[in-house]
Amino acid sequence: MYSDSRFLKAIPNVRTLYLLASYLLMPLLLLRLAVRGLRDRDYLKRWSERFALHGPAVPPGGIVVHAASLGEVNAAAPLIRALRIRFPDLPLTVTCFTPTGSARIRALFAADVCHVYSPLDLYGAVRRFLSRARPCLLLVMETEIWPNLFFAAGQRGIPLLLANARISDKSFRVYRRLRPLVREALAEVSGFMARSETDARRLAELGAAAGRIEVTGNLKFDLDVPDGLHEHGLALRRSWGLQRPVLLAGSTHQEDEVALIEAFKGLLGGFPTALLVLVPRHPERFQLAAQLVRAAGLSVQMQSAGADCPASTQCLVVDAMGELLRCYAACDVAFVGGSLAPVGGHNLLEPAALSVPVLFGPHTSNAADITAQLLAAGAAQVVRDAAELEQAAARLLGDEALRQSMGAAGLALVQSGRGALGRTLQIAAGLLVRPLA
């Protein structure tokens, strides 16, 4: 079996091989986008942007932040706001890959930033994009390693930062198989701002220069809690019923919803007036989640149907994007989705930052460090199936003192973890190329 060095000798130019492979495999990626478009029509729109052929004019000479999808956009939001304040004279462009990420960017920043889809990792597409944008800094969030983009940025001398860098177990296994290519791509990165010591070690093992790696902490701890959010949450809770116990499930997938509905049916035995609030992760799940609830014999209402939720409604489906934080601020107990399904889990810190006790399933590889910290702090509990979910929710809904203590522990953990934003800004400012200065 080849060692890395022997493999590189056997294949003299891994960049060329990747360039060719990216074009050969592109039809499969386009087919995947088309298939996803059968469920979400937004995937069939704006394809010219994915090839950097047309789309909104990208202001040149500014900062480009790439956040692949909804989760990365939410994590990047405090950084984007801070960049706008720190560098008000520089245009800011935010790219993503998914329609939900795109909708979130527009909801958060409107016309304050330029937004386009990120180009597919084709050498021609990324060259066109960078030639048009001519950024003085390129910030890529979390685990997005796109070799052609990195190579093109390096050729143009564009400082490239990997912010909130995370290498999950799954990504690490994949990247190790492609280590010669990954090493060359990482050589173009000016700085790595790792979330944890584990991420830093994995980056080094993949070939990142040790002198360019710094453990800055997790940007998700610096999440924004908008002014007046608690007041908005109280108003929402009034519309649900102040006296009703509320179990809210955020960022759910089908496996989460099936278990939640089963658990909630059992929960009604002890809490007959309880309300289950489902906030699906993707818009295409809004109606599907409601169908699951109806099939289980529960009464369901879509949030878009009206401002108030009558006592006869047992389940409310929030069929709008950007509502999750407000919903967390209105509930008694929060379950975070993507964790009963083998998805890897979603943002566990959002309910914790609002002093809400957190439940989640066993699949939280996307945030293994945060999972461990929440459990150690006594702010959360892991549930492995519908039965455990019912038991944990019943215990919390029936014990206000326990809810308060877990909520306080979660808030304290979030506050103690802040600081990554300031360190990230400091590194970015040090690498920023200011051609007009």
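Sequence positions, counted from 1, serve as the residue numbers for this chain. In this text the structure is predicted, and so the values were computed from the model without any measurement.
- Shown here for Val140 and Glu144, the closest heavy-atom pair between the two residues is CG1-O, 3.3 Å.
- Counted by atom type alone, Asp308 and Ser239 present zero donor-acceptor pairs between their side chains at under 3.5 Å.
- Interatomic distance, CG of Leu248 versus CG of Leu260, reported as 9.5 Å (0.5 Å rounding).
- At distances below 3.5 Å, not a single donor-acceptor pair connects side-chain atoms of Arg166 with backbone N or O atoms of Thr143.
- Remark: side-chain polar atoms of Ser196 are paired, donor with acceptor, to backbone N or O of Asp199 under 3.5 angstrom.
- Put simply, CG on Asn148 and CG on Asp121 are 4.5 Å apart, with the number rounded to the nearest 0.5 Å.
- Under a cutoff of 6.0 Å and an axis angle of 45°, Arg202 and Phe172 form a cation-pi pair.
- Considering CZ of Phe335 and OG1 of Thr252, their distance stands at 8.5 Å, rounded to 0.5 Å.
- With respect to the salt-bridge test (charged N to carboxylate O, under 4.0 angstrom), the residues Lys265 and Glu262 do not qualify.
- For the 3.5 Å distance criterion, the side chains of Thr364 and Thr371 qualify, holding a donor opposite an acceptor.
- Figure legend: Arg50 and Tyr117 shown as a cation-pi pair, the cationic atom lying under 6.0 angstrom from the six-membered ring centre and within 45 degrees of its axis.
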Salt bridge (charged side-chain N to carboxylate O under 4.0 Å, His left out) between Arg326 and Glu323, intermediate numbers included = CA-CA 6 Å; Arg326 191 163 71 107; Glu323 291 289 307; 2.6 Å; yes
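- Between His282 and His253, the ring planes lie perpendicular to each other; the angle is over 60°, past the 30° to 60° tilted range.
- You'll find the side chain of Leu354 stays beyond 4.5 Å of the side chain of Glu350, heavy atoms only.
- Side chain to side chain, His363 and Ser339 fail the donor-acceptor criterion of an N or O pair below 3.5 Å.
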request  = Starting from the C-alpha separation in whole Å, work towards a yes-or-no answer on side chain to side chain donor-acceptor pair (under 3.5 Å) for His115 and Ser102.
outcome  = CA-CA 8 Å; His115 164 59; Ser102 177; 2.8 Å; yes
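- When atom types are taken as modelled, the side chain of Asp224 and the backbone of Pro226 share no donor-acceptor pair closer than 3.5 angstrom.
- In this structure a side-chain-to-backbone donor-acceptor pair under 3.5 Å is present from Asp40 to Asp42.
- The line from CG of Asn164 to CZ of Phe192 is 14.5 Å long, rounded to the nearest 0.5 Å.
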request  = Using the salt bridge (charged side-chain N to carboxylate O under 4.0 Å, His left out) rule, take Arg237 and Asp332 through it: C-alpha gap first, then chi angles, then the decisive distance, then the call.
outcome  = CA-CA 10 Å; Arg237 181 58 179 262; Asp332 293 308; 2.8 Å; yes
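- With respect to the salt-bridge test (charged N to carboxylate O, under 4.0 angstrom), the residues Arg423 and Glu214 do not qualify.
- For Glu255, the CD atom counts as densely surrounded, since its 6.0 Å shell holds more than 12 non-hydrogen atoms of other residues, nucleotides or ligands.
- Side-chain atoms of Asp256 come within 3.5 Å of backbone atoms of Leu340 as a donor-acceptor pair (strictly under, hydrogens ignored).
- A side-chain donor-acceptor contact under 3.5 Å links Ser299 to the backbone of Gln314.
- Residue Trp146 places its CH2 atom among 12 or fewer non-hydrogen atoms of other residues, nucleotides or ligands, all under 6.0 Å distant.
- Note: Gln404 CD to Leu396 CG = 12.0 Å, rounded to the nearest 0.5 Å.
- The CG atom of Leu122 sits 11.5 Å away from atom CG of Leu149, with the distance rounded to the nearest 0.5 Å.
- A salt bridge links Arg201 with Glu205: the closest approach of a Lys/Arg side-chain nitrogen to an acidic carboxylate oxygen falls below 4.0 angstrom.
- Asp319 places no side-chain N or O within 3.5 Å of a backbone atom of Phe286 that could act as its donor or acceptor partner.
- In terms of modelled atom types and a separation under 3.5 Å, the side chain of Glu388 and the main chain of Arg384 share a donor-acceptor contact.
- Between the side chain of Arg195 and the backbone N or O of Ala165 there is no donor-acceptor pair closer than 3.5 Å.
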